[in-house]
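Mind having a look at this structure? Questions to follow.
Every chain is numbered from 1, with letters handed out A, B, ... down the list of sequences.
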Amino acid sequence: MELSSQYSARDVEHKWYTFWRERGYFKPSMDPSAPTFSIVMPPPNVTGVLHVGHALNNTWQDILIRFHRMLGDNTLWLPGTDHAGIHTQMKVDELLRSQGIDRREIGREAFIDEVWRWKEKYGGEILRQVEKLGASVDWSRLRFTMDQGLSKAVTEVFVRLYEEGLIYRGYYITNWCVSCRTALSDIEVEHEDEPGTLTYLRYPLDQEEGFVVVATTRPETMLGDTAVAVHPDDPRWKHLIGHHVRVPLIDRVIPIIADAYVDPEYGTGAVKVTPAHDPNDFQMGQRHHLPQIQVIGEDGRMTEEAGAYQGLDRQQARAQILQDLEALGVIEKAEALVHSVGHCEKCGTVIEPLVSLQWFVRTAPLAEPALAAVRSGDIQFVPQRFEKIYTNWMENIRDWCISRQIWWGHRIPAYYCDHCHEVTVARTAPDSCPVCHGPVHQDEDVLDTWFSSALWPFSTMGWPEETTDLAMFYPTSVLSTAYDIIFFWVARMVMQGLHFTGERPFATVLLHGLVRDSQGRKMSKSLGNGVDPMDVIEKYGADALRLALVLSSAPGNDQRYSDERVEAASRFANKVYNAIRYVRMNLPEGFTPQAVTMDNVEDLWIVQKLNQTTQHMTEWLKDFEFGQAARAIYDFLWDDYCDWYIELTKIHMRENPETSSNTLSMLVFVAEQALKLLHPFMPFVTEELWQSLPHQGDSIMVAPWPSPQNLPANRAQDVMDRVQSLIRTARNLRAEVNLPPGQRVHFQMVADDAETLADWQMEAAAIREMVRAQDISWHVKAEGAPKPHHALTGVCQGGSVYLPLEGIVDLAVEQARVQKTMEQTQRELERVEKQLADQKFRERAPEPVVAKAQEQRLELVARMERLKERWEDLQ
RNA sequence: GGGCGCGUAGCUCAGUGGUAGAGCGCUUGCUUCACACGCAAGAGGUCACAGGUUCGAUACCUGUCGUGCCCA
């Protein structure tokens with residue numbers, strides 16, 4: 001069969017994914033005697049599409065999963081999606097509006113039906129993209145946060161927390177998005193530094209002369225001021241504490257209070273207090289029992305309390321108020337400044353702090369065990385430094401606002417009596433009020449999406465039922481996610497997991513960095529610099545994308561995406577493809593590999609390299625060092641297997657056709673092992689190639705992970721080092737004078753001792769071919785080796801290479817060349833000798849380091865000697 | 001203001017207590033019977049700076065500068 005010289009990922013990837021899935025390889029073995037390895041996939045938004053960050057994270061997880069599956073573990077990777085409350089609602093709302101439908105007109109139920117319909121139609125998109133990536137997830141266990149089972153878990157958790165007094169409802173200042181029209185938790189607010197104006201306003205004193213100057217960046221809130229606060233020890237204001245001022249424009253009389261919160265350094269040291277519109281003022285208001293006057297409504301417009309300004313948008317109101325204040329002459333001055341402004345994470349609108357009735361989780365009691373689990377090392381962060389971010393947050397945790405004023409999500413299981421207003425929190429809706437038997441209605445709000453995400457590791461496995469999956473796969477082994485989600489998700493999973501199952505939800509939290517664009521900028525819609533992984537896969541293949549992402553990633557570090565890297569990775573796929581193509585082309589029809597005998601240097605050498613690669617990779621994969629592991633197999637396949645081993649076997653088979661069957665078996669054996677090592681990184685191409693070679697078993701993905709081969713003690717590594725050094729030196733001489741590769745020349749190889757000569761001669765045929773020699777004369781230095789006059793000189797490990805070129809070599813030039821090499825060698829020698837002359841070094845440095853230096857010295861001394869002699873010969 | 005990263009070849013990045021590596025780019029030569037998405041040979045770095053620990057620091061510690069992120 002004619003095989004293309006170019007590998008086409010597009011033609012094979014889909015085929016193998018279907019093959020794997022149909023054979024059920026993605027499902028766990030359920031073997032109770034095997035170690036268990038489980039991961040729950042961080043659920044992407046059901047409305048979303050895969051971005052490069054997902055691609056990286058899913059690649060990491062797939063590497064772990066495939067590695068452990070090959071190790072023989074009972075391995076589960078559970079996929080799923082998240083209902084993404086606000087985001088999805090906005091998306092469907094937008095769609096309906098484009099059709100001229102207002103969700104408020106069709107009502108809650110009809111709208112939710114629309115969302116479900118939308119989810120069924122488009123919600124699978126991201127999962128199809130996960131497939132394209134090659135993710136070996138168990139599709140039979142696919143979950144969605146709004147599934148019945150998971151919803152049941154949500155209700156159960158809410159009810160239990162309520163019964164334990166860990167959920168409460170109360171009036172509190174929360175972050176309100178006037179665009180999304182819902183409350184948000186603290187971490188859903190993004191703070192950004194923005195230019196603003198600090199306006200200094202004169203509030204005239206009531207019943208006396210003079211005024212107090214307060215500074216504010218939000219003059220429109222003055223209509224809701226209920227006090228002016230100063231620091232209790234501030235000498236400038238101390239005498240006015242307890243006096244009153246009049247708020248301009250509305251003429252409200254408010255007290256001057258003393259509160260240590262006030263920073264005397266900021267502004268004038270006196271601040272206006274608006275308890276209904278600022279979180280700090282709210283706290284102060286509580287301390288001093290100040291009234292709350294809401295002047296901005298949930299729609300971002302001024303309320304009735306704002307008097308003449310009622311109905312104005314907050315921005316318009318600010319402009320109007322400033323104008324009016326100006327007219328009144330109460331503006332003392334205005335300063336430009338940069339200050340931090342909170343924005344809605346979802347829509348970017350400036351947050352309006354508002355007092356409203358919301359549900360909260362009392363987090364302190366949950367945080368305590370969550371903190372302990374990480375401190376004790378029961379849960380480990382990779383990289384470890386993120387522990388600190390986690391513990392800092394946990395130590396300063398604030399209550400979690402969990403109610404959202406939207407329709408799409410888990411509705412809060414709280415029921416209110418229409419008569420006596422009794423609140424009933426229950427697993428199932430009560431028919432009537434348990435107190436007065438009056439009619440009840442359910443809370444209109446839904447829960448924060450993260451409330452259900454926090455239960456993901458166990459709700460997906462059937463909790464609160466005691467299922468087999470829960471017993472077998474929970475706690476999970478690893479949670480892999482981005483570091484920017486530690487607070488939103490990781491922390492809350494730990495809290496809920498420990499509280500409800502008594503066990504950590506996962507043993508390891510593995511964190512990856514952000515994937516940025518090629519210029520290091522965050523990928524974003526507004527910049528239009530996002531990279532669609534599907535385009536990349538279409539162009540280069542999923543394997544290439546995976547390898548490229550893994551090669552340039554280290555845990556916790558951001559990385560840049562660039563097409564060039566993916567291209568490099570696809571070239572590697574092509575390289576491996578061609579290596580295997582070469583092996584196949586040499587296999588006779590119906591060839592069955594036999595048990596190999598390793599009777600020559602290159603065989604022993606390549607297996608030794610393979611062993612090292614296997615050992616390192618196994619360790620690195622266990623330590624989550626995917627980049628290191630990928631680099632190891634990349635180098636092994638390209639440098640060791642392709643550039644040296646295959647080339648050596650070509651010569652070997654030509655010289656020893658009678659043993660070619662063994663050589664072919666070796667080629668197949670090493671290739672198969674290497675493909676297995678590469679498989680977690682590049683599942684498709686490795687399957688394609690593995691299937692094309694003689695093999696045992698049905699799929700590489702269920703083949704056992706390689707373990708190092710037993711080898712007899714041997715010197716293959718040393719021999720190959722010397723041989724490679726000799727070949728490189730000889731090739732270097734050729735290149736120096738631009739000898740065309742076709743031109744066969746005569747070489748003289750002079751070894752320092754008989755042992756080196758013997759080593760070289762073990763690979764004499766290979767050396768002859770690889771340096772393109774007409775013939776080679778072999779010598780040992782001591783035995784009166786020839787001293788060719790008109791020859792290029794090269795020094796290598798253990799000896800010299802001469803390339804006699806009558807008529808081409810200029811003695812003076814060659815002398816200068818040798819001189820230059822001598823100088824170089826001399827410098828190195830001096831360094832080593834200085835080190836060895838230091839008694840402290842010999843005493844305190846570890847023995848192998850000293851030995852190595854001594855060895856180095858000997859080699860350099862010998863090299864110097866050779867060069868000196870040569871230099872004299874050239875005189 | 002507090003915390004955490006990063007600063008290594010032209011570019012993008014790995015990495016290690018024993019004075020440095022990759023990919024891309026660059027130079028030279030090659031259609032050598034797996035691969036020109038290739039082969040071979042090369043050029044290119046006082047590992048940001050200053051102290052300290054150490055026999056030895058690019059790596060560990062302290063500080064400085066530059067840069068990025070998170071929290072308040």
Just checking A:Asp643: base, sugar-phosphate only, or nothing, at a heavy-atom cut-off of under 4.0 Å?
sugar-phosphate
Check the phosphate of B:A14 against A:Asn557, side-chain N and O only, distance under 4.0 Å to OP1 or OP2. Yes or no?
yes
Pairing partner (Watson-Crick or G-U wobble, both distances under 3.5 angstrom) of B:A20:
none
How do A:Asn586 and A:Ser570 order along RNA chain B: which one's closest nucleotide is nearer the 5' end?
A:Asn586
Whole-Å P distance, B:C11 and B:G18:
27 Å
Return the pairing partner of B:U27 with a 3.5 Å limit on both distances, Watson-Crick or G-U wobble; otherwise return none.
B:A41
Without decimals, in angstroms, what is the distance between A:Leu693 CG and B:A34 C1'?
13 Å
With respect to the side chain of A:Tyr582, which nucleotide from B:G23, B:U32, B:A34 is positioned closest?
B:A34
Just to confirm, is there a sub-4.0 Å distance from OP1 or OP2 of B:A34 to any side-chain nitrogen or oxygen of A:Lys650?
yes
Do the ring planes of A:His695 and A:Trp690 sit parallel (below 30°), tilted (30 to 60°) or perpendicular (above 60°)?
tilted
Beyond-backbone contact of A:Asp775 with A:Phe747, side-chain heavy atoms, under 4.5 angstrom:
no
Interatomic distance at P, B:A20 relative to B:A48, whole Å:
15 Å
Where the side chain of A:Lys388 is concerned, which of B:C4, B:A34, B:G23 is the nearest nucleotide?
B:C4
According to the Watson-Crick and G-U wobble definitions, with both distances under 3.5 Å, which nucleotide is paired to B:U32?
none
When all nucleic acid strands are considered with a 4.0 Å heavy-atom cut-off, which category describes A:Ser562: base, sugar-phosphate, or nothing?
nothing
Span that lies between the P atom of B:U16 and that of B:A72, in whole angstrom
34 Å
Can you figure out which of B:G3, B:G18, B:G23 approaches the side chain of A:Gln835 most closely?
B:G18
Using whole Å, what does the distance between atom C1' of nucleotide B:U28 and atom CG of A:Leu739 come to?
13 Å
Which nucleotide in the list B:A14, B:G42, B:G18 gets nearest to the side chain of A:Val849?
B:G18
Answer with yes or no whether A:Glu647 presents, from its side chain, a donor or acceptor under 3.5 Å of a partner atom in the base of B:A34.
yes
Please check the phosphate of B:C39 (OP1 and OP2 only) for any side-chain N or O of A:Lys575 closer than 4.0 Å.
yes
For the pair A:Tyr577 and A:Tyr7, name the ring-plane relationship: parallel under 30°, tilted 30 to 60°, perpendicular over 60°.
tilted
Sugar-phosphate, base or nothing in reach of A:Asn574, heavy atoms under 4.0 Å
base
Under 3.5 Å on both distances, the Watson-Crick or G-U partner of B:U58
none
Looking at the side chain of A:His191, which of B:A14, B:A72, B:U28 is the nearest nucleotide?
B:A72
For a quick check of understanding: with a heavy-atom distance under 4.0 Å over all strands, which category does A:Pro740 fall into, base, sugar-phosphate or nothing?
nothing
Give the rounded distance in Å between these two atoms: OH of A:Tyr483 and P of B:C69.
9 Å
Hey, are the side chains of A:Ile606 and A:Phe636 touching, using non-hydrogen atoms and a 4.5 Å cut-off?
yes
Given B:C24, is OP1 or OP2 found less than 4.0 Å from the side-chain N or O atoms of A:Arg571?
yes
So A:Tyr540 and A:Glu567, do their side chains get closer than 4.5 Å, heavy atoms only?
yes
Can you tell me if the side-chain N/O atoms of A:Arg560 get under 4.0 Å from OP1 or OP2 in B:C13?
yes
Span that lies between the C1' atom of B:A59 and that of B:A14, in whole angstrom:
14 Å
With a 4.5 Å cut-off on side-chain heavy atoms, are A:Cys796 and A:Val801 touching?
yes
Just to be sure I understand the rule, does A:Tyr577 reach a base, reach only the sugar-phosphate, or reach nothing, if contact means heavy atoms closer than 4.0 Å?
nothing
Please report the distance separating the C1' of B:A57 from the corresponding atom of B:C47, rounded so that it comes out in whole Å.
11 Å
Contact check, side chains of A:Leu836 and A:Gln856, non-hydrogen atoms, under 4.5 Å
no
Does B:C39 have its OP1 or OP2 closer than 4.0 Å to a side-chain nitrogen or oxygen of A:Trp638?
yes
Whole Å only: how far is the CZ atom of A:Arg731 from the C1' atom of B:A40?
6 Å
Could you tell me how far B:A22 sits from B:A9 if I compare only their P atoms? Round to whole Å.
13 Å
For RNA chain B, whose closest nucleotide is more 5', that of A:Ile646 or that of A:Pro846?
A:Pro846
Quick one: A:Arg516 CZ to B:G68 P, roughly how many Å, whole number?
10 Å
Among B:U19, B:A34, B:G29, the nucleotide that comes nearest once only the side chain of A:Cys642 is considered
B:A34
When rounded to whole Å, the CD to P distance for the pair A:Gln559 and B:G5 reads 19 Å
Tell me what A:Ala568 touches on the nucleic acid: a base, only sugar-phosphate, or nothing, going by heavy atoms under 4.0 Å.
sugar-phosphate
Is A:Arg398 close enough to B:A72 that one of its side-chain N or O atoms is under 4.0 Å from OP1 or OP2 there?
yes
Decide yes or no for A:Arg772 and A:Arg734: does some side-chain heavy atom of the first lie under 4.5 Å from some side-chain heavy atom of the second?
yes
Can you tell me which nucleotide in B:U32, B:C70, B:G18 comes closest to the side chain of A:Ala845?
B:G18
Report the nucleotide, chosen from B:C35, B:G3, B:G18, that has the shortest atom-to-atom distance to any side-chain atom of A:Arg581.
B:C35
Out of B:C24, B:A14, B:G5, which has the shortest distance to the side chain of A:Arg385?
B:G5
Rounding to the closest angstrom, what is the interatomic distance between B:C13 and B:G17 at atom C1'?
23 Å
Testing B:C70, B:C30, B:A14 for proximity to the side chain of A:Arg631, the answer is B:A14
Categorize A:Arg728 for me: base, sugar-phosphate, or nothing, with a 4.0 angstrom heavy-atom threshold over every strand shown.
sugar-phosphate
Going by heavy atoms in the side chains, are A:Leu610 and A:Tyr645 under 4.5 Å from each other?
no
Do the rings of A:Phe487 and A:Trp393 sit parallel, tilted or perpendicular, given the 30° and 60° boundaries?
parallel
Rounded interatomic separation in angstrom, taking CD from A:Glu688 and C1' from B:A34:
16 Å
C1' spacing across the pair B:G15 / B:A41, given as an integer number of angstrom:
26 Å
Is B:G68 paired to anything, Watson-Crick or G-U wobble with both distances less than 3.5 Å, and if yes, which nucleotide?
B:C4
For A:Glu736 and B:U27, what is the distance between atoms CD and C1' respectively, to the nearest whole Å?
14 Å
